Chemist: 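Provided herewith is a single structure, encoded as structure tokens, for subsequent inquiry.
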Amino acid sequence: MPALPIESLTPDTPLHALYVIHGEEDLLRIEALDTLRAAAKKQGYLNREVHTPETAADWDGLLASAGSAGLFADLKLLEIHIPNGKPGKSGGDALQTLAENLPADTVTIVALPKLEKAQTQAKWFAALSKHGTVLEAKAVSANALPVWIKGRLKAEQLDIGADALALFAERVEGNLLAAKQEIGKLALLYPPGHTIGMAEAEQAVADVARFDVFSLSAAWMGGDTARTARLLEGLEAEGAEPVLLLWTLAEDIRTLIRLTAALKQGQSVQSVRNSLRLWGEKQTLAPQAARRIGIIRLIAALQQCARIDRLIKGAEAGDVWAAFRQTVASLAA
């Protein structure tokens with residue numbers, strides 16, 4: 001079945017026999033699961049059964065339980081949670097069997113975290129996708145975050161000024177759960193129809209931004225110098241591991257160097273997308289960054305990464321984070 005937008009779910013949504021929830025945004029996965037539970041309860045699926053199978057015996061027990069659903073009059077909500085997204089051989093086989101023999105009078109939900117490409121190409125996931133409705137909790141990008149916030153505030157019958165919205169988005173970037181909590185706080189503080197202004201946003205919205213190295217990659221590839229600086233400051237303040245940051249930065253630079261060479265040889269971005277792992281935003285940002293930065297600056301940045309590696313290992317004296325700031329600033333410029 002085709003994927004269904006998570007935001008289209010409501011407690012009145014007519015239920016399908018099988019749902020698969022996965023994706024990197026925790027809040028959206030939680031909300032999708034909660035909405036399906038509410039819809040099941042409203043539509044008479046009052047018998048709720050939850051499984052978190054780990055062993056082959058657990059999976060056998062799950063299949064036995066699913067197969068016995070038709071013996072009871074009550075409609076059943078069957079939840080299968082796989083926290084690590086890896087059901088293993090026995091679990092994969094069980095999920096295929098379940099998908100191809102969905103129990104009667106039962107709504108089945110398979111809850112998964114963010115999946116890697118290998119997992120989405122596995123036979124068990126293909127079977128679930130074929131016979132069920134897939135709900136992917138995609139991350140809300142920095143560009144899409146203001147629209148998301150404004151929509152959530154509208155649902156609370158609140159509006160927000162442009163400057164206040166920009167501040168709100170900056171303070172909760174990368175932390176959608178905190179954004180929801182801050183919106184709930186504003187709904188308690190102000191009456192329906194109120195427009196949140198800058199002073200109110202500054203006072204009410206905590207600085208709860210959570211930064212990650214992948215957001216930093218998108219910022220410097222996109223040439224956003226201000227956001228690049230702010231993200232790096234956030235990573236430093238959060239105590240991010242310099243080794244991971246350096247590995248990601250160096251890999252991205254090497255990717256741009258290889259992409260530059262491929263483009264000069266007349267190859268298209270599409271032809272090298274998989275080999276260079278240009279997925280998601282990188283498919284658009286990487287070619288733009290390669291053209292903007294140029295091979296000379298990319299090689300210089302890679303040499304700077306080698307220096308940062310020596311700083312981390314103590315083989316050279318200096319400030320690791322200052323070196324990071326210099327390097328990413330030069331890439332974003």
Side-chain angles (χ1 to χ4, degrees), residues 24-28 30 113-114 138-146 148-149 152 160 163-186 196 198-253 280-282 285 289 293 301-302 304-333:
E24 59 187 298
E25 188 49 69
D26 295 343
L27 172 65
L28 299 184
I30 293 169
K114 177 185 177 181
K138 297 179 180 180
V140 178
S141 68
N143 291 335
L145 184 57
W148 186 90
I149 292 169
R152 291 288 175 125
I160 188 168
D163 291 343
L165 179 59
L167 175 69
F168 193 130
E170 179 178 313
R171 286 190 170 182
V172 301
E173 182 183 340
N175 197 340
L176 217 58
L177 181 58
K180 180 185 179 182
Q181 292 170 341
E182 297 300 318
I183 290 168
K185 183 199 302 182
L186 291 171
I196 309 298
M198 176 61 82
E200 293 163 334
E202 286 180 336
Q203 182 177 3
V205 182
D207 189 352
V208 291
R210 184 185 64 198
F211 303 101
D212 61 62
V213 293
F214 304 107
S215 296
L216 180 66
S217 296
W220 68 255
M221 281 191 184
D224 190 336
T225 54
R227 184 164 179 256
T228 296
R230 185 164 56 81
L231 285 169
L232 190 60
E233 288 174 4
L235 286 165
E236 182 179 5
E238 290 181 353
E241 175 54 57
V243 174
L244 174 60
L245 176 57
L246 176 62
W247 180 84
T248 304
L249 179 61
E251 279 298 297
D252 283 339
I253 294 170
E281 286 185 306
K282 279 189 179 179
L285 293 175
I293 300 170
L302 195 59
Q304 185 66 5
C305 285
R307 176 175 178 265
I308 294 173
D309 183 52
R310 294 193 296 273
L311 293 176
I312 292 173
K313 294 175 179 176
E316 183 176 328
D319 186 330
V320 171
W321 287 99
F324 270 128
R325 284 192 289 273
Q326 179 184 353
T327 305
V328 296
S330 68
L331 290 166

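Remember, predicted model here, so these are calculated numbers, not experimental data.
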Chemist: Report the residue from L244, L331, L302 that forms a side-chain contact (heavy atoms from CB on, under 4.5 Å) with L249.
Modeler: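 Of the listed options, the one satisfying the test is L331.
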Chemist: Shortest non-hydrogen contact from G222 to L285?
Modeler: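 For G222 versus L285, the nearest heavy atoms are CA-CD2, 4.0 Å.
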Chemist: Give a yes or no answer on whether the side chain of R171 reaches the backbone of E202 with a donor-acceptor pair at less than 3.5 Å.
Modeler: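 It does hold such a pair.
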Chemist: Working to the nearest 0.5 Å, report the span between CD of E241 and CG of L235.
Modeler: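 Between E241 CD and L235 CG, I get 11.5 Å after rounding to 0.5 Å.
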Chemist: Heavy-atom distance under 4.5 Å between the side chains of I196 and V205, does that happen here?
Modeler: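 Answer no - side chains too far apart.
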Chemist: So which atom in L27 and which in K180 form the shortest heavy-atom distance, rounded to 0.1 Å?
Modeler: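 Scanning both residues, the minimum pair turns out to be CD1-CD, 3.6 Å.
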Chemist: Looking at R230 and E233, does any basic side-chain N land under 4.0 Å from a carboxylate oxygen?
Modeler: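 Looking at R230 and E233, the cut-off is not met.
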Chemist: Please assess T327 against R307 for the test side chain to side chain contact (heavy atoms under 4.5 Å, CB included), listing each intermediate value before the final yes or no.
Modeler: CA-CA 11 Å; T327 305; R307 176 175 178 265; over 6 Å; no
Chemist: Answer whether the closest heavy-atom distance between the side chains of W220 and I293 falls below 4.5 Å.
Modeler: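 Of all side-chain heavy-atom pairs linking I293 with W220, at least one is under 4.5 Å.
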Chemist: Quick check on K138: does its NZ atom have over 12 non-hydrogen neighbours (other residues, nucleotides or ligands) under 6.0 Å away?
Modeler: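 No, not enclosed.
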Chemist: Where do I312 and V243 come nearest, in terms of heavy atoms and distance?
Modeler: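 That would be CG2-CG2, 3.9 Å.
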Chemist: Between L311 and A323, what is the shortest heavy-atom contact and its length?
Modeler: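 Taking L311 first and A323 second, the nearest heavy atoms are CD1-CB, 3.8 Å.
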Chemist: Output the distance between atom CH2 (W148) and atom CD1 (I183), rounded to the nearest 0.5 Å.
Modeler: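 It is 4.5 Å, given to the nearest 0.5 Å.
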Chemist: What is the distance from atom CH2 of W247 to atom SG of C305, rounded to the nearest 0.5 Å?
Modeler: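 Result: 12.5 Å between the selected atoms.
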Chemist: Can R325 and E236 be counted as an ion pair, charged N to O under 4.0 angstrom?
Modeler: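 Here R325 pairs with E236 in a salt bridge, since their nearest N and O are under 4.0 Å apart.
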Chemist: I want to check something: taking the side chain as every heavy atom from C-beta on, are V172 and L145 in contact at a cut-off of under 4.5 Å?
Modeler: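 Touching, per the 4.5 Å side-chain cut-off.
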Chemist: Is D26 close to L176 at the side-chain level, that is, under 4.5 Å between some pair of heavy atoms?
Modeler: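 They are not in contact (no side-chain heavy atoms under 4.5 Å apart), so the answer is no.
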Chemist: Supply the atom-to-atom distance L177 CG to E182 CD, rounded to the nearest 0.5 angstrom.
Modeler: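 The CG atom of L177 sits 10.5 Å away from the CD atom of E182.
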Chemist: In Å and rounded to the nearest 0.5 Å, what is the CD to CG distance from E200 to L167?
Modeler: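 So the gap between those two atoms works out to 12.0 Å.
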Chemist: If you take all heavy atoms of R227 and A219, which pair is closest and at what distance?
Modeler: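 Between these two residues, the closest heavy atoms are NH1-CB, 3.8 Å.
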Chemist: Minimum heavy-atom separation for L28 and V140, please, with both atom names.
Modeler: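 The answer is CD1-CG2, 4.4 Å.
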Chemist: Between OG1 of T248 and CG of L216, what distance do you get to the nearest 0.5 Å?
Modeler: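 Output value for this atom pair is 9.0 Å.
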Chemist: In chain order, what residues pass the ring-ring contact (aromatic ring centres under 6.0 Å, His included) check against W321, with sequence neighbours excluded?
Modeler: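 Partners of W321 by the ring-ring contact (aromatic ring centres under 6.0 Å, His included) criterion, ordered by chain and then number, come out as F324.
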